[in-house]
Amino acid sequence: METALSALFQQNGGYLRTKDFKGNRQLFNCLNHWLKTGQVEKIKAGLYRDVHFPQKPEWEEIALIIPGGVFCLFSAWQLHNLSTHVSSVFHLAVPHKAKITLPEYPPVKLYHWTQIFLEIGMEKKEGFSVYDKEKSVCDAIRFRNKVGLDITGEVVKNYLKQKDRNLDKLLHYAGLLKVEKQLNQYLSVLI
């Protein structure tokens, strides 16, 4: 049974979820034995890591903890170098009615967004999803009263400095997200 469990961890890059056992009680008992002997660590309820595998980068591990989550706001701005503010919390958008149990660590803040807001501008990176630069700028404007006008201004300024910016896409997203008027106000001041 240990060989089967080892192969299962191997198939999944060193991580397993309880659902991966598909009701196999023997595998689950073997997992519990490995937990007791320190061969496996519990990341959160239902998610385990074989300690013999290298630990994934924190961004990828959070994506495993919150499947279907998309890094947004402060986390996306940090990934795209749009803000110098480093949040002590990871920010993820999830489907509107998703019920997610958060781990004690790392600290995560969830935003429950409707499907249209969730899907616009989502891009897959190696091991996780994040909103692209243009959607991240629009989100800064959408949430300007919550995140602060100084951070919103910084995000827009830093976006405009980047060589790979796409203003057509930015304006398209702004129209879809109904922040076109506010975006134009920022652009008229900054350009």
Side-chain angles (χ1 to χ4, degrees), residues 11-15 17 43-44 47 49 54-103 106-144 146-148 151-184 186-187 190-191:
Q11 274 179 286
N12 292 290
Y15 289 80
R17 296 183 177 284
I43 305 293
K44 75 164 200 148
L47 181 62
R49 182 179 79 85
Q55 189 167 357
K56 291 185 182 284
E58 201 166 25
W59 297 93
E60 291 179 37
E61 198 164 274
I62 290 168
L64 286 171
I65 293 169
I66 305 166
V70 185
F71 287 101
C72 65
L73 300 172
F74 292 94
S75 296
W77 302 331
Q78 183 180 349
L79 283 165
H80 294 304
N81 297 315
L82 294 173
S83 176
T84 55
H85 178 84
V86 178
S87 179
S88 59
V89 176
F90 289 95
H91 298 260
L92 283 103
V94 295
H96 180 63
K97 294 187 179 186
K99 298 202 185 315
I100 296 170
T101 304
L102 294 175
V108 173
K109 180 166 174 64
L110 296 180
Y111 300 86
H112 291 83
W113 291 352
T114 58
Q115 204 61 32
I116 185 145
F117 291 118
L118 195 64
E119 291 176 354
I120 295 172
M122 185 191 333
E123 63 182 16
K124 300 275 186 194
K125 296 279 188 188
E126 183 90 20
F128 61 90
S129 296
V130 62
Y131 289 111
D132 64 17
K133 291 178 186 188
E134 288 74 21
K135 170 70 162 39
S136 298
V137 171
C138 288
D139 285 342
I141 292 169
R142 252 177 81 209
F143 294 99
R144 66 192 175 282
K146 291 185 180 181
V147 301
I151 289 178
T152 302
E154 178 190 29
V155 168
V156 175
K157 275 185 214 170
N158 287 334
Y159 172 78
L160 293 172
K161 290 178 189 174
Q162 296 188 357
K163 291 184 182 355
D164 62 342
R165 68 183 186 262
N166 183 336
L167 291 174
D168 290 335
K169 187 194 276 188
L170 179 68
L171 291 170
H172 175 70
Y173 286 171
L176 293 173
L177 298 168
K178 304 195 183 333
V179 293
E180 197 167 21
K181 180 181 173 188
Q182 296 86 353
L183 174 64
N184 284 327
Y186 275 93
L187 294 179
L190 297 171
I191 292 182

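Position 1 is the first residue of the sequence; numbering continues from there.
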Asker: Any heavy-atom pair between the side chains of Ile62 and Pro106 that's under 4.5 Å?
Answerer: yes
Asker: Check whether any side-chain N or O of Tyr159 sits under 3.5 Å from a backbone N or O of Leu170 as a donor-acceptor pair, and report yes or no.
Answerer: no
Asker: What's the separation between atom CD in Gln78 and atom CG in Leu73, rounded to the nearest 0.5 Å?
Answerer: 12.5 Å
Asker: What class does the angle between the rings of Phe71 and Phe90 fall in, given that below 30° is parallel, 30 to 60° is tilted and above 60° is perpendicular?
Answerer: perpendicular
Asker: To the nearest 0.5 Å, tell me how far Asn166 CG sits from Leu171 CG.
Answerer: 9.0 Å
Asker: Closer than 4.0 angstrom, basic N to acidic O: yes or no for Lys135 and Asp132?
Answerer: no
Asker: Taking the side chain as everything from C-beta on, heavy atoms only, tell me whether Val147 gets closer than 4.5 Å to Thr152.
Answerer: yes
Asker: Could you tell me which non-hydrogen atom of Ser88 sits nearest to which non-hydrogen atom of Pro107, and how far apart they are?
Answerer: O-CG, 3.1 Å
Asker: Contact between Ile66 and Leu102 at the side-chain level, heavy atoms closer than 4.5 Å - yes or no?
Answerer: yes
Asker: Please examine the side chains of Tyr173 and Ile120, heavy atoms only from C-beta on, and report whether any two atoms are closer than 4.5 Å.
Answerer: yes
Asker: Determine the minimum heavy-atom distance between Lys178 and Gln182, stating which atoms define it.
Answerer: O-OE1, 4.0 Å
Asker: Do Leu79 and Trp59 pass the side-chain contact (heavy atoms from CB on, under 4.5 Å) test, and can you show the C-alpha distance, the side-chain angles, and the key distance before you say yes or no?
Answerer: CA-CA 10 Å; Leu79 283 165; Trp59 297 93; 3.6 Å; yes
Asker: For Asp139, is there any backbone N or O sitting under 3.5 Å from a side-chain donor or acceptor partner on Arg142?
Answerer: no
Asker: Check side chain to side chain contact (heavy atoms under 4.5 Å, CB included) between Asp164 and all other residues, then give those that pass, not counting sequence neighbours.
Answerer: Lys133, Gln162
Asker: Between Phe117 and Tyr131, which heavy-atom pair has the shortest distance, and what is it?
Answerer: O-OH, 3.6 Å
Asker: Flag the pair Ile141 / Val155 as yes when at least one side-chain heavy-atom distance between them is below 4.5 Å, and no otherwise.
Answerer: no
Asker: Are the side chains of Glu61 and Phe128 in touch, meaning some heavy atoms are under 4.5 Å apart?
Answerer: no
Asker: Could you tell me the separation between the CE atom of Met122 and the SG atom of Cys72, rounded to the nearest 0.5 Å?
Answerer: 11.0 Å
Asker: Compare all side-chain heavy atoms of His80 with those of Val137 and state whether any distance is below 4.5 angstrom.
Answerer: no
Asker: For the residue pair Phe74 and Trp77, categorise the inter-ring angle as parallel (less than 30°), tilted (30 to 60°) or perpendicular (more than 60°).
Answerer: perpendicular
Asker: Looking only at heavy atoms, what is the nearest atom pair of Leu183 and Ala174, with distance?
Answerer: CD2-CB, 3.6 Å
Asker: Looking at NZ of Lys99 and CG of Leu110, how far apart are the two atoms once the value is rounded to the nearest 0.5 Å?
Answerer: 12.5 Å
Asker: Please check this pair: side chain of His96 against backbone of Gln115, looking for a donor-acceptor N/O pair closer than 3.5 Å.
Answerer: no
Asker: Looking only at non-hydrogen atoms, find the nearest pair between Ala76 and Ser136 and report the distance.
Answerer: CB-OG, 3.3 Å
Asker: Take Ile100 and Ile65 through the test side-chain contact (heavy atoms from CB on, under 4.5 Å) and record every step on the way to the result.
Answerer: CA-CA 9 Å; Ile100 296 170; Ile65 293 169; over 6 Å; no
Asker: For Glu154 and Ser83, which heavy atoms make the closest approach, and how far apart are they?
Answerer: OE1-OG, 3.0 Å
Asker: How many angstroms lie between atom CD1 of Ile43 and atom OH of Tyr15, to the nearest 0.5 angstrom?
Answerer: 5.5 Å
Asker: Give a yes or no on whether the backbone of Lys157 and the side-chain of Tyr186 come within a donor-acceptor separation of less than 3.5 Å.
Answerer: no
Asker: Measuring from atom CD1 of Ile151 to atom NZ of Lys146, what distance do you get when rounded to the nearest 0.5 angstrom?
Answerer: 14.5 Å
